[in-house]
Every structure is written in structure tokens, then in C-alpha cells.
Amino acid sequence: MKVGILGCGAIANIITNFAAEGKLGVDLKFFYDRDMERAENLASQIDDGTVLLNIEDMLDKVDLVIEAASPQAVREVVPTVLESGVDMIVMSVGALLDGELRQKLEKIAEENGARIYAPSGAIVGIDGIKAASIGRIESASLVTRKPPRSLGISTDEEKVLYEGKAGDAVRKFPMNINVAATLSLACGREVDVKIIADPKVDRNMHEVHVVGEFGEMKTITKNMRCSMNPKTSVLAAYAAIKLLKSLNETLHVGT
Ligand SMILES: NC(=O)c1ccc[n+]([C@@H]2O[C@H](COP(=O)([O-])OP(=O)(O)OC[C@H]3O[C@@H](n4cnc5c(N)ncnc54)[C@H](O)[C@@H]3O)[C@@H](O)[C@H]2O)c1
């Protein structure tokens, strides 16, 4: 399977390191970023790694594109990729909380025989939550606690930055709300979200509580942050890598 990357930042860097060591299980060859230097840096780590000036230039050469750029890229670039019948892994899942955009992308994908994958990202338990959503889910909540720097602020005290529905949070914290978006999509319902800047933590933490017909589930994820981008957790890149590997696996474990 031939793969290209859109957005050559922290997540793409970890994925490319795996590819360079021959541990990705797919053929990652093409790199696109609006910052050419970033694309060149990653392409240079791969034999025959190629930088492209436009995303369109890779579409007749790849089976799948990994979006690891921004919610804006999902709106502007992903439709073009799907129109070419090329599958997508979307990391900026927050963009998919916009129901109109999600339906548009699903329609384009369906008409062109493409698939859209949203990996579990920086959170554990998505497999169980998807299974739980087969029955009725009564409530789902997420408390995200990050070091202030990861939320782009400076404070010596714990500060609640947001409390409300995931759909509203995504407009205020587009780069920090992917977990809430993934959780909402997996549950099939709006999730209650609290975002806290906490100077006492050095990890990106997510506490999830789901209650439904299946029973009750609580998870806590304490994520190591990417050195290249402290907003982003290493687990998010690992989830994309595992998803890529699973596309070639015969035995699928988990939902
Ligand atoms: N699903 C999850 O759990 C999860 C976790 C962490 C991050 N993310 C999301 O994944 C995305 C990438 O994260 P990252 O930490 O690698 O980001 P990053 O900022 O380190 O890198 C993003 C790269 O994409 C490029 N880019 C941005 N918009 C672009 C566009 N429209 N066209 C071309 N290039 C563009 C930037 O120049 C940059 O090099 C972000 O949207 C982030 O919010 C998702």
C-alpha cells in the first residue's frame, strides 16, 4: 500500500521515524506541507521520499493519505483527496464534529469508493465505547487536564478553561479537542467536556466516564507529549501507526 502524508509536523515525524526503520508495514513515500522545509526534512529520512508542491500531485500515486495538519486542512484538502477515490486517515478529528462537513465528506467518499479513518488518537477505551454504543448510552463525559503550556497559556493555578458540550469546545480549542471529538463520534452523542489548565501535571490527561445499557466505564489516559509539539500526545501518532499496520493484518483484535 502506497501512502502519503499531508502535514509534516509532530505526528508525521513519529510516523516517518517508524517508516524509516521499516516498521510501518506500508510504503510511505510522499510528503506535503505548506512549509516545504518540514516536508523536505521528513522526505530525506526515507529512501525515495518525495516532496510534492501540491497535494493533487500525489493522488494518482497513493492508496491512502494521512492528514496530520489542521482542521482547516480537513475542510480544504480532504474533499479533493476523497474525490480521487483515495482513502484518508484524519487526525484533526475535531473538524468532523461539524455535522455538515462530516456528511459532505462521507458522501464524497461513498460516491468515489474511498474510506475515512479516524484513529482512536490520544485516548484509550474507544474500542469498548464503540461496542457500548450498540446499546443506549445515557451519559458520556471527558475531563481533559493539560499543563498550561500545552493549552497555550501561562498560569500558576489550576484554571477551568471550558465546561460545556464538545461541539462548542471545538470552536474555541480546535487543536486541543480531538479527543472530545473522537469520543463523541464513537458514542454517537454529544459529550460533556471540561478542559483544565493544571500546572501540577506534566502529562496530557484525559478522564472519560461513560454510562449506558452496557454498564459503566471509566478510563484515565496520562499521555507523554511530543517533543516537537507539546499539545500533541505520542499515543495519537501510535494510534495512526497501529491503524496503518492493521489495514494489512488478517487477524483484527478489538472493535
Ligand atoms: N486525533 C487525536 O487524538 C489528535 C492528537 C493530537 C493532535 N491531533 C491533530 O492532528 C493534527 C496534527 O498534529 P501535529 O501535532 O502533528 O501538528 P503540528 O503543528 O506539529 O504539525 C502540523 C503540520 O501541518 C502543516 N499544515 C497545517 N495546515 C496545513 C494545510 N492546510 N496544508 C498543508 N500543511 C498544513 C503545518 O505547516 C505543520 O507542519 C492537528 O490538527 C492536531 O490537532 C489529533
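For clarity, every value in this text was computed on a predicted model and none was experimentally measured. Residues: numbered from 1 along the sequence shown. Start at 1 and go down the list; that is how both ligands and their atoms are numbered.
In this structure the side chain of L64 reaches within 4.5 angstrom of the side chain of L247, judged on heavy atoms.
Assignment of R38 to the shell around ligand 1 is supported, since a heavy atom sits closer than 4.0 Å.
Between S70 and ligand 1, a contact under 3.5 Å exists for at least one N or O pair. In terms of N/O distances under 3.5 Å, ligand 1 is approached by M91. Not one N or O of Q72 is nearer than 3.5 Å to an N or O of ligand 1, by distance alone. Taking distance alone, with nitrogen or oxygen atoms compared against 3.5 Å, T232 approaches ligand 1 more closely than that limit. Some N or O of R34 is nearer than 3.5 Å to an N or O of ligand 1, by distance alone. Here's the thing with A12: none of its N/O atoms is less than 3.5 angstrom from an N/O atom of ligand 1.
In the vicinity of S92, heavy-atom distances shorter than 4.0 Å reach the ligand 1 atoms 10 (O), 11 (C), 40 (C), 41 (O). With ligand atoms numbered from 1 in the order given, ligand 1 contributes 30 (C), 31 (N) to contacts under 4.0 Å with heavy atoms of A73. Close approach of ligand 1 to Y32 (heavy-atom distance below 4.0 Å) involves ligand atoms 33 (C). Per-residue contacts place A236 under 4.0 angstrom from the following atoms of ligand 1 (heavy atoms of the residue considered): 4 (C), 5 (C), 6 (C). Near A68, the atoms of ligand 1 lying under 4.0 angstrom from a non-hydrogen atom of the residue are 11 (C), 12 (C), 22 (C), 23 (C), 24 (O). Each of the atoms 1 (N) of ligand 1 lies under 4.0 Å from some heavy atom of V93.
E56 and T80 share no side-chain donor-acceptor pair at under 3.5 Å.
Within a 6.0 Å sphere centred on CZ of R149, heavy atoms belonging to other residues, nucleotides or ligands number 12 at most. Under a cut-off of 6.0 angstrom, the local environment of CD in E37 is sparse, with at most 12 non-hydrogen atoms contributed by other residues, nucleotides or ligands. Atom CE of M224 sits in a sparse spot, with 12 or fewer heavy atoms from other residues, nucleotides or ligands closer than 6.0 Å. Counted within 6.0 Å of CG on N248, heavy atoms from surrounding residues, nucleotides or ligands total more than 12; the atom is thus considered enclosed. Within 6.0 Å of atom NZ in K165, more than 12 heavy atoms from other residues, nucleotides or ligands are found, so the atom counts as buried in its surroundings. More than 12 heavy-atom neighbours from other residues, nucleotides or ligands sit within 6.0 angstrom of NZ on K61. For E110, the CD atom sits in a loose shell: 12 or fewer heavy atoms of surrounding residues, nucleotides or ligands are nearer than 6.0 Å. Within 6.0 Å of atom CG in D47, 12 or fewer heavy atoms from other residues, nucleotides or ligands are found, so the atom counts as exposed in its surroundings.
For I11, heavy-atom contacts with ligand 1 shorter than 4.0 Å involve the backbone as well as the side chain.
In this structure, of V179, N204, N178, the residue bringing a heavy atom nearest to atom 9 (C) of ligand 1 is N178. Counting heavy atoms only, A10 comes closest to atom 20 (O) of ligand 1 of the residues G7, A240, P230, A10.
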